[in-house]
S.K.: 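Below is a structure I'd like to ask you about.
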Amino acid sequence: MEEILKNQNPAVDYSHPILTVQDLVVKFNLRSQVLTALRGINMELYKGESLAIVGESGSGKSVFCKTFMGLLDNNGWIDKGAIHYGGYDLTSFKKEKEWIKIRGKRIAMVFQDPMTSLNPLKTIGKQIQEAFTLHNKVSKEDAKKRTLELLADVGIEDAERRYKQYPHEFSGGMRQRVVIAIAMACVPEILICDEPTTALDVTIQAQILDLLKKLQEKYGLTVIYITHDLGVVANVADRIAVMYAGDIVEIGTCDEVFYDPKHPYTWALLSSLPQLGVKGEDLYSIQGTPPNLFQHIQGDAFSARNPQALKVDFVARPPYFEVTPTHKARTWLLDPRAPKIEPPPQIKNITNISRGGDLD
Amino acid sequence: MAEYASDALVSVRNMEVTFGTKRKPFVAVHKVSFDIYKGETFGLVGESGSGKTTIGRAIIRINPLSDGEVYFNGERISGKISKELDRDVTKNIQMIFQDPMASLNERAKVDYIVSEGLMNVRKDLSKEEREKKVEAALLDVGLLPEFASRFPHEFSGGQRQRIGIARSLIMEPKFIIADEPISALDVSIRAQVLNLMSKLQKEHGLTYLFIAHDLSVMRFICDRIAVIHKGVIVELAETEMLFAHPLHPYTRALLSAIPLPDPKSERHKKLLVYDPSCHDYSVDKPVWTEIEPGHFIMGNQKELDGYRARLAKN
Ligand SMILES: Nc1ncnc2c1ncn2[C@@H]1O[C@H](COP(=O)(O)OP(=O)(O)OP(=O)(O)O)[C@@H](O)[C@H]1O
Ligand SMILES: Nc1ncnc2c1ncn2[C@@H]1O[C@H](COP(=O)(O)OP(=O)(O)OP(=O)(O)O)[C@@H](O)[C@H]1O
Ligand SMILES: [Mg+2]
Ligand SMILES: [Mg+2]
């Protein structure tokens, strides 16, 4: 516990959330069927922190963050709940005009898919420049200068030449760096990075994460990382939110979630790390498929895939149980009446993974 | 190297791929040679823009070679080939593409996307047989059979990537080029897909070229790994050998940067930075050398001496 408190980021003010989400429900209409993507999420985001959101594909990470920017697809809507930010309830925004004050300027997003967020018909330079001039009145020369700076910042060499090129002339990884430059153009207050480094090789990834950390420190930026890479999470996150089937099932500091996880889904997630696998043998993997979001989910959404599920898991949705003031999980295992079930032993090996050679 | 190794399924010889115009050529892949043996998983790792995808696309005949050859089962498949051989290549070599969004036809239903390639080579299948195969392929990659009637935009990034994998698997190919097949997937689906790839490999004797930047995953799945930097392969070794004795400064930089899922070790991580100007190749030219059995490296005589000294110390 001491160690955990010591490792909290001192630059973060945990008494005042910068953004508060209350009981958020998001639904989508799909050919006259209704899909519930978010099932009553509560979350607080603190100024200056980096929060990592992890969880299975389709668990709602992207949809969740898109609600902060009014970017839900047309067939989706906020059914219930509130998002308090900067004196507004973002869920009440109806018009594009209201979003313009927030989107790109105060909250910016780096998308998962670099190809869809870049316009194939415009040069890279123009696209970065536009993001900047949309909110800042500057001369053409200054805008270009800033654009070249941004390109250099995200590790693109030969910025003058690259400035004039089109997205298809860039490799997958370089495109993603451009997207990061676009998001950083206005130095937002909250930066949401949706899988920001999946397309990057590890050395550039480490540099980009470093860059984001430096920008974060310099501008007091609050960063939300959505990522599948638990290595990235271990590197950047102050806190981790674990999502499953449209809900946050566990949230805590980085150390709490890695070294003292409580939810069976978090256990399963850590157990499937390739670093914990034995070559030639199967990796641990979660059986079954995630619940069908078209249907009402009874009890703990993970129960059907949890071989050690309790009876109550199939009946009632667990509330949050507090483990520490910074750590809580939605699992009946934390109920005082629950039987004692130990986490899988292999996740203790997390502290024994090595990089290889003489590099550790 | 011999024209092709007899036990190699795929032999790449002096592959060069050039983009741009005659007047302003850009060489993305420089005289690369390697063999991929039957049944193995061969990893290709390197920084963004180093030419990994280009090599994969050149093997599968999307990118033309400006020099060199590619052999499949001892037969040259690069350059001009017969229609028959081309059809063979299409069936036997499948590529799982890096960018799940760009590679799926947005107007087609999943059912069509997954079975499209199959329909081209298996016109004899009945509707029911085809649907059965689609269903099996979707289940194999952890998607629900009901998804067959949905459109790609209705899926999350990871789900879309799995559609792409299902589309390759359904062809029952001999050789799969998996270009960052699991980068967009969450850890638990990753494990399923890796297990699935291993299972298919064991059952069907599949061979993989596995392109990725996640060295932790490569360590787990690859038999051998080639490290590529700016279109040049700089080091190639059996996986554990590479991790035990990384020699080339670029490989060492890559390994030092691996993100480990352990917050404490990440806090104390020391990054090695690779500076290509550390090589002085003005007089003493680099050569591709087998520095220990099965461990190849690009270096000049002076560097090779240094690498040998480091090996002796280990
Ligand atoms: N426009 C849409 N129409 C219908 N369903 C949608 C739409 N967008 C998302 N969904 C559904 O909402 C759920 C959450 O999707 P989301 O994209 O947030 O997942 P995610 O956690 O970001 O996954 P990934 O890690 O794969 O990106 C999924 O079941 C998805 O199929
Ligand atoms: N069609 C093309 N036209 C011009 N240049 C190209 C083309 N395709 C790739 N290139 C260039 O060739 C080089 C290698 O690109 P490639 O896509 O093979 O890289 P990669 O190793 O797969 O990178 P990443 O990890 O980012 O996917 C890059 O400099 C890229 O800009
Ligand atoms: Mg997503
Ligand atoms: Mg690529």
Side-chain angles (χ1 to χ4, degrees), chain A residues 7 30 54-59 62 73 112-116 170-174 176-177 195 198-206 228-235 237 254-255 258-259 268-270 272-275 277 279 282-286 289 292 350-351 353 355-360, chain B residues 45-50 53 98-99 101-102 142-144 150 154-159 180 183-192 194-195 198 213-217 219-221 242-246 252-267 269 271-274 314:
Chain A
N7 286 329
L30 258 180
V54 300
E56 194 152 54
S57 169
S59 60
S62 298
D73 292 336
Q112 186 165 11
D113 224 318
M115 217 35 195
T116 46
F170 281 58
S171 71
M174 288 192 282
Q176 188 64 310
R177 283 185 254 171
E195 299 287 352
T198 35
L200 306 181
D201 60 279
V202 287
T203 50
I204 306 295
Q205 178 179 63
H228 296 133
D229 192 330
L230 290 172
V232 170
V233 173
N235 184 284
C254 193
D255 286 20
F258 272 102
Y259 301 137
L269 186 70
L270 293 172
S272 15
L273 280 166
Q275 289 92 340
K279 207 162 179 154
D282 270 1
L283 277 175
Y284 174 86
S285 83
I286 305 174
T289 46
N292 183 342
I350 277 178
T351 49
I353 306 163
R355 286 205 166 76
D358 44 357
L359 296 166
D360 283 298
Chain B
V45 65
E47 70 183 347
S48 171
S50 57
T53 298
Q98 177 171 17
D99 202 325
M101 193 59 183
L143 295 172
L144 299 169
R150 286 168 64 175
E154 294 164 9
F155 292 94
S156 69
Q159 289 169 324
E180 311 261 10
S183 306
L185 306 183
D186 63 277
V187 180
S188 46
I189 303 298
R190 243 180 221 193
Q192 285 178 13
L194 289 174
N195 289 347
S198 309
H213 63 268
D214 184 339
L215 280 157
S216 308
V217 169
R219 184 176 195 172
F220 179 73
I221 189 125
L242 191 79
F243 277 88
H245 318 140
R252 295 176 63 79
L254 273 184
L255 292 188
S256 80
I258 296 178
L260 294 187
D262 177 5
K264 279 195 198 103
S265 112
E266 281 300 301
R267 261 174 235 132
K269 165 169 183 169
L271 273 184
L272 301 178
V273 177
Y274 175 56
N314 281 323

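Values below: every heavy atom of this structure, side chains too, minus hydrogens, waters and symmetry copies. Chain letters run A, B, ... following the sequence lines, proteins first and then strands; every chain starts at 1.
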S.K.: If we define contacts as heavy-atom pairs under 4.5 Å, which of Leu271(B), Leu272(B), Leu254(B) has the most with chain A?
M.R.: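 Most heavy-atom pairs under 4.5 Å with chain A: Leu254(B).
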S.K.: For Glu180(B) versus His213(B), what's the shortest heavy-atom pair and its separation?
M.R.: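 Shortest heavy-atom separation between Glu180(B) and His213(B) comes out as OE1-ND1, 3.0 Å.
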S.K.: Tell me, side chain or backbone of Tyr259(A) under 4.5 Å from chain B's heavy atoms, or both, or neither?
M.R.: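 For Tyr259(A), the contact with chain B is made by the side chain alone.
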S.K.: Looking at Ile350(A), Ile286(A), Leu230(A), which one has more heavy-atom pairs under 4.5 Å with chain B than the rest?
M.R.: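 Option with the greatest count: Ile350(A).
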S.K.: Looking at CD1 of Ile221(B) and CG of Asn195(B), how far apart are the two atoms once the value is rounded to the nearest 0.5 Å?
M.R.: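 Here the interatomic distance stands at 8.0 Å.
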S.K.: Please look at Leu242(B) and chain A and tell me whether the side chain, the backbone, both or neither of the residue comes under 4.5 angstrom of a heavy atom of that chain.
M.R.: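 The answer is neither part of Leu242(B).
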S.K.: Kindly give the heavy-atom pair with the smallest separation between Ser285(A) and Ala191(B), and that separation in Å.
M.R.: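 Here Ser285(A) and Ala191(B) meet closest at CB-CB, 3.9 Å.
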S.K.: Against chain A, label Ile258(B) side chain, backbone, both or neither, depending on which of its atoms sit under 4.5 Å from a heavy atom there.
M.R.: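 For Ile258(B), backbone and side chain are both near chain A.
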S.K.: Picking from Asn235(A), Val54(A), Val233(A), which has the most non-hydrogen pairs under 4.5 angstrom with chain B?
M.R.: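 Of Asn235(A), Val54(A), Val233(A), Asn235(A) has the most heavy-atom pairs under 4.5 Å with chain B.
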S.K.: Counting distance only, does the side-chain N/O of Glu266(B) pair as donor-acceptor with the main-chain N or O of Pro261(B) below 3.5 Å?
M.R.: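 Flag not set: sc Glu266(B) to bb Pro261(B) has no pair under 3.5 Å.
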S.K.: Could you tell me which portion of Leu255(B) (side chain, backbone, both or neither) has an atom closer than 4.5 angstrom to a non-hydrogen atom of chain A?
M.R.: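 Both parts, backbone and side chain.
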S.K.: Answer with side chain, backbone, both or neither: which region of Gln275(A) has an atom nearer than 4.5 Å to a non-hydrogen atom of chain B?
M.R.: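 The side chain, not the backbone.
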S.K.: Between Ala206(A), Ser59(A), Gly231(A), which has the largest tally of heavy atom pairs under 4.5 Å with chain B?
M.R.: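 Greatest number of close heavy-atom pairs with chain B: Gly231(A).
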S.K.: Go through Leu143(B) and Arg150(B) one step at a time and tell me if the side-chain contact (heavy atoms from CB on, under 4.5 Å) criterion holds.
M.R.: CA-CA 12 Å; Leu143(B) 295 172; Arg150(B) 286 168 64 175; over 6 Å; no
S.K.: Considering non-hydrogen atoms only, spot the tightest contact between Asp229(A) and Pro259(B) and give its length.
M.R.: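 So the two residues come closest at OD2-CG, 4.1 Å.
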S.K.: Using non-hydrogen atoms only, which part of Leu30(A) is less than 4.5 Å away from chain B: side chain, backbone, both, or neither?
M.R.: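 Contact with chain B involves the side chain of Leu30(A) alone.
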S.K.: Report which part of Glu47(B) has an atom under 4.5 Å of a heavy atom belonging to chain A: side chain, backbone, both, or neither.
M.R.: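 Answer is both: backbone and side chain atoms of Glu47(B) are under 4.5 Å from chain A.
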S.K.: Do Lys269(B) side-chain atoms and Ala257(B) backbone N/O form a donor-acceptor pair below 3.5 Å?
M.R.: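 Such a contact is found between Lys269(B) side chain and Ala257(B) backbone.
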S.K.: Would you compute the distance between atom OH of Tyr284(A) and atom CG of Leu270(A) and round it to the nearest 0.5 angstrom?
M.R.: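 Tyr284(A) atom OH to Leu270(A) atom CG measures 11.0 Å (nearest 0.5 Å).
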